[in-house]
Amino acid sequence: MGWLTKILKGSSRKCSDGQVNRRYNREDRSLESTPRYSAEGSDFDKEEIECAIALSLSEQEHVIPQDDKGKKVIEYKSETEEDNDDDDEDEDEDDDEEYMRAQLEAAEEEEKKVAQAQIEEEEKRRAEAELEELEKQLAKARLEEEEVRRAKAQLEEDEQLAKALQESMDAGSPPRYDSGSMFPSYPFLVPSRICTGCRAEIGHGRFLSCMGGVWHPECFCCHACDKPIVDYEFSMSGNRPYHKLCYKEQHHPKCDVCHNFIPTNPAGLIEYRAHPFWMQKYCPSHERDGTPRCCSCERMEPKDTKYLILDDGRKLCLECLDSAIMDTHECQPLYLEIREFYEGLHMKVEQQIPMLLVERSALNEAMEGEKHGHHHLPETRGLCLSEEQTVTTVLRRPKIGAGYKLIDMITEPCRLVRRCEVTAILILYGLPRLLTGSILAHEMMHAWLRLNGYPNLRPEVEEGICQVLAHMWLESETYAGSTLVDIASSSSSSSSAVATASSKKGERSDFEKKLGEFFKHQIESDSSTAYGDGFRQGNQAVLTHGLKRTLDHIRLTGTFP
């Protein structure tokens, strides 16, 4: 089959190349060249296969056989043998046709695989190209975004620089960072700038323009923390700059009760309450949340301080507790001082009037049984009795127990018998010495008026002159006695007696001196008709006419001169 394969290969090549196929005519045994082109390219049809077989047979017929010695051998065949040979040739042609068809199918399959591989390679190359194009577009978008951001930042910096240059002529304008890069660095365009802080020249670098001058950034410092102010806004106090937070820490008011910054109201303003004397600042909410006050100095209780709780529910701050008088026996020396004070004014109380320290409940009960007198204060702290009653008095100073509460208080009922117009003077216990003394001086004046035959006076006259005496005693306790000496001299009193009363004062603490000023302020600023207006009228009369002439005028007319 080697010769057939060789011939078929040659024939296949010629057919695929589109060359002329030769057709063999068995009758004349001659070769005839007829040009023929394949419409299917590389495929063989039946005629082409027959042509190839005929050509092969023709070549075999022209070959002359030879013997071993090189002589030509001539063979003659019969017609039967020739017919058998034709059958064999037909079988060989069928085998060759099947073989060629298998070869063609294999070639087609191989071409399909190659074409599929080429398609896959082309798709892969196209995907890579698309990915590369997408990456290029993303990189380009990032570059454009970065350029926009830089342009925006440059625009903002230019706007800030323009604003700073515009505001540099305003003395109180907030600082703005400037850059000298806006103008060309020519000597005739850049003026000489001197730093207001260090007095050195500022070159072409960054600088601040505020408060009517220019500064190095490191020279414009907060007055509180001494660190540079790098913000575009700052606060001013006393022509000194502050960080906004530092200013808030130093100047924003804090509540003295809860120790927090006092919040702003809906209008954005800081609204707070303040005591008119102590200037204790506190949030308005503390007036409604039940925050207790000291029953003596009226200050609110801070959250980190505990006040002493008295048995009647009152609270006493620790500063007032330091000089508080807690029982009747402890109050006797002060009672004697008040009597000597009246003697120094030539107003001696002849009768020995009992003086008792009582609880609030006992004082209220005695006030209900009293027919004579005027009681207009929000809380009664003292009472001059003229009726016979039984009053419970504090016999011994109580102790301070757990939770700053008083324990072991001992009381004793005392039957008051009327021997004159005044049966007793009652004072609320647990108050500081100066407040107790001013109340005692007030009630002693009530007793003096009754014992000296003064008629029933109008509330503003009687309570007013009693408040004048209480105010005079507080002045004798808080000052060197000059004011009291002047008053006593104008009323023909002995200045030596006043000086003696003043010399008995011991050394006062700073808080106690301040507390005396507060009690005087309470008397002077009282808004009630009897105690406030009455005091101001009586005090003016005493300052103008003297105490003696004022009292004589009251005896005759029942009014102030």
Side-chain angles (χ1 to χ4, degrees), residues 277 296-297 320 322-325 330-349 353 355 381-382 384 425 427 431-449 452 462-526 531-532 534-551:
F277 181 84
S296 170
C297 65
C320 291
D322 187 57
S323 63
I325 298 177
E330 190 177 1
C331 190
Q332 292 305 315
L334 179 61
Y335 179 45
L336 295 177
E337 289 183 21
I338 300 297
R339 293 179 67 92
E340 291 179 3
F341 170 75
Y342 272 83
E343 289 181 11
L345 296 175
H346 292 286
M347 297 171 61
K348 182 178 181 180
V349 180
I353 303 173
M355 191 279 304
R381 296 175 175 176
C384 179
I425 294 176
I427 305 295
L431 301 178
R433 178 185 176 277
L434 291 178
L435 181 56
T436 303
S438 65
I439 297 172
L440 190 52
H442 178 99
E443 300 303 329
M444 184 70 76
M445 188 61 188
H446 280 298
W448 187 88
L449 291 174
N452 285 273
E462 183 171 349
E463 299 296 343
I465 195 64
C466 291
Q467 286 288 77
V468 169
L469 267 295
H471 189 271
M472 290 172 60
W473 182 82
L474 284 172
E475 284 188 335
S476 71
E477 290 291 308
T478 54
Y479 295 112
S482 59
T483 304
L484 187 58
V485 169
D486 295 339
I487 296 174
S489 299
S490 63
S491 59
S492 303
S493 301
S494 172
S495 60
S496 60
V498 176
T500 301
S502 300
S503 65
K504 291 185 178 182
K505 294 183 298 182
E507 188 68 24
R508 303 280 184 263
S509 65
D510 292 338
F511 177 77
E512 193 171 3
K513 292 177 183 178
K514 187 73 173 176
L515 196 60
E517 292 291 336
F518 169 65
F519 296 142
K520 285 175 56 183
H521 170 77
Q522 277 188 313
I523 295 174
E524 294 165 358
S525 60
D526 196 309
Y531 291 87
F535 163 75
R536 286 181 281 274
Q537 294 176 16
N539 190 55
Q540 184 63 38
V542 171
L543 292 175
T544 304
H545 306 285
L547 181 59
K548 186 177 184 305
R549 290 182 59 186
T550 299
L551 291 175

Trace of the side-chain contact (heavy atoms from CB on, under 4.5 Å) decision for E463 with H446: CA-CA 8 Å; E463 299 296 343; H446 280 298; 3.3 Å; yes
When rounded to the nearest 0.5 angstrom, what distance separates [atom1] in [X] from [atom2] in [Y]?
{"X": "M355", "Y": "L334", "atom1": "CE", "atom2": "CG", "result": "7.5 Å"}
{"X": "Y342", "Y": "M445", "atom1": "OH", "atom2": "CE", "result": "5.5 Å"}
{"X": "E512", "Y": "E517", "atom1": "CD", "atom2": "CD", "result": "12.5 Å"}
{"X": "R433", "Y": "E330", "atom1": "CZ", "atom2": "CD", "result": "11.0 Å"}
{"X": "F535", "Y": "C466", "atom1": "CZ", "atom2": "SG", "result": "12.5 Å"}
{"X": "L474", "Y": "F518", "atom1": "CG", "atom2": "CZ", "result": "11.5 Å"}

Would you check if [X] and [Y] make a side-chain contact, meaning some heavy-atom pair closer than 4.5 Å?
{"X": "L515", "Y": "C320", "result": "yes"}
{"X": "M347", "Y": "L547", "result": "yes"}
{"X": "T550", "Y": "V468", "result": "no"}

Test log, rule side-chain contact (heavy atoms from CB on, under 4.5 Å), inputs L469 and W473: CA-CA 6 Å; L469 267 295; W473 182 82; over 6 Å; no
Minimum-distance pair of heavy atoms, taken over all atoms of [X] and [Y]:
{"X": "I425", "Y": "E443", "answer": "CG2-CB, 3.7 Å"}
{"X": "E524", "Y": "R536", "answer": "O-NH1, 2.7 Å"}
{"X": "I523", "Y": "A470", "answer": "CD1-CB, 4.2 Å"}
{"X": "S296", "Y": "L435", "answer": "OG-CD2, 4.0 Å"}

Expected output: side-chain T436 to main-chain L431 donor-acceptor under 3.5 Å: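 Such a contact is found between T436 side chain and L431 backbone.
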Steps toward side-chain contact (heavy atoms from CB on, under 4.5 Å) verdict (E337, E477): CA-CA 11 Å; E337 289 183 21; E477 290 291 308; 4.3 Å; yes
Listed partners of T544 passing side-chain contact (heavy atoms from CB on, under 4.5 Å), at least two apart: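 Q540.
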W448 vs L345, side-chain contact (heavy atoms from CB on, under 4.5 Å): CA-CA, chis, key distance, verdict: CA-CA 12 Å; W448 187 88; L345 296 175; over 6 Å; no
Parallel, tilted or perpendicular: rings of H442 and Y531 (30°, 60°):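 Ring orientation of Y531 relative to H442: parallel.
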Aromatic F277 / basic K514 pairing, under 6.0 angstrom, 45° off normal: yes
